[in-house]
There are 2 protein chains.
Amino acid sequence: MERHRLIPRYRDGDRKIEAGRDLFSIGSSGKSIFNLLEGWVAVYTLLEDGRRQIVQFALPGAILGVLPSRRAPATVGAQALTEVAVSVIPVSVLTSHSQADPEIGMRLARSLAHDCNLAFDHLTSIGRRSARERVAHLLLELFTRYRAQWPGNRSEEMVLPLTQEQIGDATGLTFVHVNRVLSALRKEGIVQFHYRRLRILDPDRLIEVAGVDPEIAMSWLERCPWA
Amino acid sequence: MERHRLIPRYRDGDRKIEAGRDLFSIGSSGKSIFNLLEGWVAVYTLLEDGRRQIVQFALPGAILGVLPSRRAPATVGAQALTEVAVSVIPVSVLTSHSQADPEIGMRLARSLAHDCNLAFDHLTSIGRRSARERVAHLLLELFTRYRAQWPGNRSEEMVLPLTQEQIGDATGLTFVHVNRVLSALRKEGIVQFHYRRLRILDPDRLIEVAGVDPEIAMSWLERCPWA
DNA sequence: CGCTGAGTTGAAACATGTCAACCGGTGTGG
DNA sequence: CCACACCGGTTGACATGTTTCAACTCAGCG
């Protein structure tokens with residue numbers, strides 16, 4: 001858990017948040033940033049009519065809620081998918097620490113650059129891939145990122161704390177269609193996903209269906225996004 | 001032009017690049033970052049089979065080519081849409097300057113946070129909006145961002161250096177469909193876009209079709225993304 | 001035991017993609 | 001100066017992927 005901290009010895013802002021709750025909501029002020037220490041978080045946007053898009057899944061080490069300017073309100077919200085531990089860092093604390101240690105600003109920049117790259121990848125997936133490719137791509141990404149957190153873990157199984165509806169919100173599909181895609185992948189013996197348990201049955205075919213270049217898969221191998 | 005510089009007095013890396021050329025390509029090393037001073041740039045990804053996705057349009061003040069780690073090769077390329085002026089900053093120069101001035105890291109972070117927010121918005125558009133909404137949204141975004149660069153400008157017309165195919169690559173549509181959407185918007189007297197000239201005929205209806213909240217439109221009002 | 005949230009399946013509607021033909025401007029070489 | 005090719009744009013007919021709507025199952029839970 002210590003290795004995930006942006007500001008090593010700052011502990012005053014540590015909080016626990018239960019699954020389902022928002023760390024911060026759309027429209028919030030951005031007076032603090034959130035350094036995720038444990039658990040899964042979904043960052044999402046909403047349209048007026050209730051359509052929802054998950055734009056990012058955050059794992060331990062992620063930094064959330066960074067606004068480009070101090071007066072811009074957040075256009076995204078962040079929901080805990082599991083129980084979550086975060087370090088809440090007021091912007092004032094961040095700026096004072098970054099003045100003492102210029103490395104902090106650069107770490108923050110690296111983390112944001114990482115998020116940008118993931119977002120670009122996600123964008124490409126949604127914009128240019130078929131439903132089948134998108135779902136495969138997402139499962140592979142999440143599996144890879146998850147596994148990188150537990151070095152040496154060789155299991156092909158994991159708890160993926162998502163519903164099919166959330167997968168739909170992330171891939172730009174309806175949950176009905178996500179279901180059909182998952183059924184097909186299951187019948188073909190590629191992956192199994194049932195009630196939050198994901199099992200990769202045939203990694204090679206999954207990679208093929210997802211259409212990912214091993215190069216790119218490597219960029220998901222974060223333990224700490226700024227390292 | 002000076003107001004767009006991340007590192008105020010660094011001029012050694014200044015370059016001009018002609019329209020159509022890449023500032024950097026997919027797979028490049030990331031030994032330098034690119035501070036856009038003048039012109040338009042499209043940041044894109046490619047899939048193996050040639051499908052292309054434009055993930056970002058960069059305007060003066062943007063910072064491009066920032067990699068999360070020093071050894072990750074770029075998964076995106078950046079193409080000049082117009083003639084472009086950039087300041088090419090070697091990472092070594094960046095790190096040495098940022099040690100002297102901690103503000104530089106934070107500026108970089110703000111710029112990246114801005115890019116992330118735009119990417120999230122773009123993601124939402126592609127994932128959850130109809131073709132018509134997406135195109136309207138993109139035109140409105142680009143018009144707003146462009147206009148913010150020329151404070152006081154009240155013209156409803158601009159040069160938008162894009163082909164319909166590039167609009168398709170940005171919105172995740174085919175150029176044929178983009179054409180149909182643009183024809184419809186033109187017939188309805190909302191916008192006109194012909195050979196790189198964009199004219200907004202009915203701003204209110206465009207905003208309505210795009211389905212944007214004025215709040216969000218404000219977040220596009222960058223003059224310098226880190227200011 | 002009935003309720004609720006998640007998942008599953010089928011049929012039909014619809015948005016967008018594909019393919020193909022054609023237009024108009026522009027630059028180039030004979 | 002004409003012929004031609006090329007690029008971007010335009011339009012129609014048709015194919016297809018995805019959504020919508022609706023009904024139903026299953027598991028967990030008060």
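Letters A, B, ... are given to chains in the order of the sequence lines, protein chains preceding strands, and every chain is numbered from 1. Note that the structure is a prediction, hence the values are computed from the model and not measured.
Among D:dT10, C:dG10, D:dG8, the nucleotide with an atom closest to any side-chain atom of B:Y195 is D:dG8. Which of C:dT9, C:dG7, C:dT16 sits closest to the side chain of B:S130 comes down to C:dT16. Distances were taken from every side-chain heavy atom of A:R134 (C-beta onward) to each of D:dT18, D:dG12, D:dA22; the shortest belongs to D:dT18.
Put simply, the side chain of A:R128 gets close to the backbone of B:L173: a donor and an acceptor are under 3.5 Å apart.
The side chain of B:T163 contributes no N or O atom lying less than 4.0 Å from OP1 or OP2 of D:dC7. For D:dC7, neither phosphate oxygen OP1 nor OP2 lies less than 4.0 angstrom from any side-chain nitrogen or oxygen of B:Q164. OP1 or OP2 of D:dT11 has at least one side-chain nitrogen or oxygen of B:S183 nearer than 4.0 Å. When the side-chain nitrogen and oxygen atoms of B:R128 are compared with OP1 and OP2 of D:dT19, none of them lie within a distance under 4.0 Å. Using a 4.0 Å cut-off, no side-chain N or O of B:N179 falls inside it from OP1 or OP2 of D:dG9. Residue A:H194 places at least one side-chain N or O under 4.0 Å from the OP1 or OP2 atom of C:dT8.
For C:dG7, the base has no donor-acceptor partner in the side chain of A:R180 [N/O atoms by modelled type, under 3.5 angstrom].
In this structure, A:E133 places its CD atom 14 Å from P of C:dG17, rounding to the nearest Å. We find that CG of B:L185 is positioned 15 Å from C1' of D:dT10, with the value rounded to whole Å. Rounded to whole angstrom, the span from the CD1 atom of B:I126 across to the P atom of C:dA15 amounts to 19 Å. Per the geometry, CZ belonging to A:R196 stands 19 Å off P belonging to D:dC26, to the nearest Å. Here D:dG17 presents its P atom at 9 Å from NE2 of A:H177, a figure rounded to the nearest Å. When rounded to the nearest whole Å, the span between CZ of B:F175 and P of C:dT16 equals 17 Å. Atom CZ of A:R51 and atom C1' of C:dA15 are 13 Å apart (whole Å). One atom, CG of B:L182, and another, C1' of C:dT16, lie 15 Å apart when rounded to the nearest Å.
At most 12 heavy atoms of other shown residues, nucleotides or ligands fall within 6.0 angstrom of atom CZ in B:R21.
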Could you walk me through whether A:E156 and A:R199 satisfy the salt bridge (Lys or Arg N to Asp or Glu O under 4.0 Å) test, starting with their C-alpha distance in whole Å, then the side-chain angles of each, then the deciding distance to 0.1 Å, before giving a yes or no?
CA-CA 6 Å; A:E156 305 297 0; A:R199 192 178 319 179; over 6 Å; no

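In plain terms, the two heavy atoms of B:A78 and B:Y44 that are nearest each other are N-CE2, 3.8 Å. The two residues A:N35 and A:H4 make their nearest non-hydrogen contact at ND2-O, 3.2 Å.
Nucleic acid contact for A:G172: sugar-phosphate only, since backbone atoms but no base atoms lie under 4.0 Å from a heavy atom of the residue. At the heavy-atom level, A:L173 lies under 4.0 Å from the strands shown only through sugar-phosphate atoms. Using a 4.0 Å heavy-atom distance criterion, A:R132 is classed as making no nucleic acid contact.
Between A:W40 and A:F57, the angle of the ring planes goes over 60°, which puts this pair in the perpendicular group of the 30/60° scheme.
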